[in-house]
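For clarity, every value in this text was computed on a predicted model and none was experimentally measured.
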Amino acid sequence: MATTPMTYSPSQGAERRQKQQQMRRMSQELDWKRSDGRSFHQCRPACLQTGATNAASGSAYAEFGATKVIVSVFGPRESKKAMMYSDIGRLNCNVSFTTFATPIRGQGSDNKEYSAMLHKALEGAVILESFPKTTVDVFALVLESGGGDLPVIISCASLALADAGIMMYDLVSSVSVSCFGKNIVIDPTAEEEACQDGSLMIACMPARNEVTQLTLTGQWSTAKTNEAMELCMDACSKLASIMRSCLKKSANLSS
Amino acid sequence: MRDLQPSLNQTQRVRLQSALRQLHSLPSSSSSSPLSSVAVADPIQVNHDDNILKGHGTLDCDGEVVATLCGVVERVNKLVYVRALRARYKPEVGDIIVGRVIEIAPKRWRLEINFSQVAVLMLSSMNLPDGIQRRRTAVDELNMRSIFEENDVICAEVRGFQHDGSLHLQARSQKYGKLERGQLLTVPAYLVKRRKQHFHHLEQYGVDLIIGCNGFIWVGEHVEAGENVGMLVEDQKKTSTAEEESWSFTPLETRKHICRIANAVRLLSALGFTLTVEAIVDTAEASLASNIEINDMLGAEFFVQTAEREVQRRASMVRKKG
């Protein structure tokens, strides 16, 4: 950059870039310390809660470290008239970020990519035949983006769907891993994601042992992919048991 | 317990917890088997020898019965199904429902009734205000807004399903129709059980109580059946203003009664107790007997008291049986 841009807000870009480079240099080594003191195969503590919003038919709130997400589910309700008759129901997903979700302000908007990925991850788990002619709307709002957003959104959304009483084959839990040189790091934070070599995200239905979505980016060797997938699946099944106990807790409260 | 969470102090919390624990230990009136709650994909314990029937919310997976809903497992003879706690209302033919008009379409009203689709009330499946049986003309169609407008609350009966799954209603009696001067309360549909009688006139309060099967509950000033129709005809004759005023005025006493009954419904639904007319009246009476103000009915103390009273009621029922 030849000239520094004259903006009203003080730019922290240079500082952040410096920090990132430092992080990248560090991550090339075999052993380094993660910023929040976790080991490489340790997830962030998960806080899950159903019934976050009152107006929705089902809702859930998830907090994984700094990542905070609210998902509300509306429906099943009648599809728009313009839509054609269909034997199966429709799943409509929408992911949006608040304006203060990321360190760079004012980028809150609908995220088309995440919306599509969320839809793909959930449509395999929801029994769409159980609500013909109708639509279920899933609205995810990322309150704070602290890395690993999509897996948190997916897990939280499946919890909200279950809370709304929508028929599903199984809960969908999702976990992502990042690849740094020789290391595989589970549940990366935002700053780790910024300098990763590759990432893998799995959304699966642990009780049925089925994967609903798998995303792989960056350079991976076959052996490493296998290792990462096994790590993910194991974490998914553990996450699912947490989600299950969360649902049980809310059921016991209301009955 | 979503909408209403009174802030309990320490002793009240202990009392509520012990009351709830006792309720769990007492057999509930509806089923004899212990309740088991399941989450999505939890296996349901069944005896495969007596060939069971898999009902709503269950699925066969590798020879095991698993739940596809979160809720309570119910067993009726051979049938095993999951009753969802927060699902939408599932209509059955003949149910009495309360709904809100959301749209006026050609020859029909569309109603929101907490079903997955909007319900349809055809102009031809309701009595005309003049009470004459005849073919509906284009003029009637134009005057539909004089019968029900958008956002009106209506009471009707489920007539049946069309082949495409949409729901049709009918209102072919004096007792159905527009509901005015009262409160509409929405509770989870599972709290309302189907009974012989859903219309109740609480004479001591001068209040009408309609417990819709869809979890919409109407509490309003008592209206004599047929009086409504008379008024509509009179309206057309342009009644004097004094008469109109007396028609639109609800005495303060009745308003208070409406609020008291409505708060009793709110309280019972927050505690997750089945809404019967007996339970509602009982709660309202108890609040009157212990001199609790209407606004204090939703407070912590009466919340706990109601739970404790339910424990006593069930315990005495068990004693009677045994």
Side-chain angles (χ1 to χ4, degrees), chain A residues 50-59 73-79 81 85-87 89 125-127 129-136 158-173 205-210 240-241 243-255, chain B residues 1-5 20-21 23-24 28 35-43 56-59 61-62 64 66-73 82-90 102-103 105 110 112 114-120 162 164-167 186 188-191 269-273:
Chain A
T50 56
T53 52
N54 266 331
S57 14
S59 60
V73 172
F74 292 86
R77 55 189 176 188
E78 193 147 305
S79 296
K81 269 192 215 122
Y85 173 85
S86 71
D87 280 341
V126 177
I127 308 178
E129 292 81 14
S130 66
F131 46 95
K133 271 183 73 182
T134 51
T135 311
V136 170
S158 84
L159 206 61
L161 282 169
D163 185 51
I166 286 158
M167 289 229 237
M168 290 198 289
Y169 293 109
D170 189 9
L171 290 172
V172 182
S173 57
M205 301 192 277
R208 300 167 74 90
N209 219 7
E210 286 173 27
S241 68
M243 289 160 69
R244 214 166 283 270
S245 65
C246 165
L247 283 171
K248 283 268 171 66
K249 201 171 66 190
S250 63
N252 283 336
L253 256 175
S254 61
S255 71
Chain B
M1 290 198 199
R2 285 179 182 230
D3 29 17
L4 181 69
Q5 272 173 329
L20 289 179
R21 212 175 307 121
L23 279 179
H24 275 286
S28 91
L35 293 173
S36 62
S37 60
V38 285
V40 171
D42 273 350
H56 181 74
T58 60
L59 200 71
C61 177
D62 305 330
E64 219 178 38
V66 295
T68 60
L69 286 171
C70 301
V72 178
V73 180
V82 179
R83 182 168 57 87
L85 292 177
R86 274 173 62 74
R88 293 204 160 216
Y89 162 63
K90 195 121 184 116
I102 52 168
E103 192 189 353
R110 292 184 194 280
E112 157 62 29
N114 194 29
F115 180 42
S116 57
Q117 299 176 35
V118 292
V120 173
Q162 294 306 97
D164 63 347
S166 66
L167 183 73
T186 51
Y190 74 92
L191 292 177
S269 82
L271 280 161
F273 296 152

Examine whether an atom of [X] lies under 4.5 Å from a heavy atom of chain B, and if so say whether it belongs to the side chain, the backbone or both; otherwise answer neither.
{"X": "Ile166(A)", "result": "backbone"}
{"X": "Tyr169(A)", "result": "both"}
{"X": "Ile127(A)", "result": "side chain"}
{"X": "Ala164(A)", "result": "backbone"}

| Would you say the side-chain atoms of Arg244(A) pair up with the backbone N or O of Val40(B), donor to acceptor, closer than 3.5 Å? | yes

Could you report the tightest heavy-atom contact between [X] and [Y], atom names first, then the distance?
{"X": "Leu69(B)", "Y": "Gly165(A)", "value": "CD2-O, 3.2 Å"}
{"X": "Met167(A)", "Y": "Thr68(B)", "value": "SD-OG1, 3.1 Å"}
{"X": "Lys248(A)", "Y": "Ser37(B)", "value": "CE-O, 3.2 Å"}
{"X": "Asp170(A)", "Y": "Ala41(B)", "value": "OD1-CB, 2.9 Å"}
{"X": "Ser57(A)", "Y": "Arg88(B)", "value": "OG-NH2, 4.3 Å"}

| In Å and rounded to the nearest 0.5 Å, what is the OG to CD distance from Ser166(B) to Glu78(A)? | 8.0 Å

| said: Please rank Cys70(B), Gly57(B), Ala84(B) by heavy-atom pairs under 4.5 Å with chain A and give me the top one. | reply: Cys70(B)

| said: Looking only at heavy atoms and a cut-off of under 4.5 Å, which of Gln117(B), Glu112(B), His56(B) has the most pairs with chain A? | reply: Gln117(B)

| query | Among Ala162(A), Ala207(A), Ser158(A), who wins on heavy-atom pairs under 4.5 Å with chain B? | reply | Ala162(A)

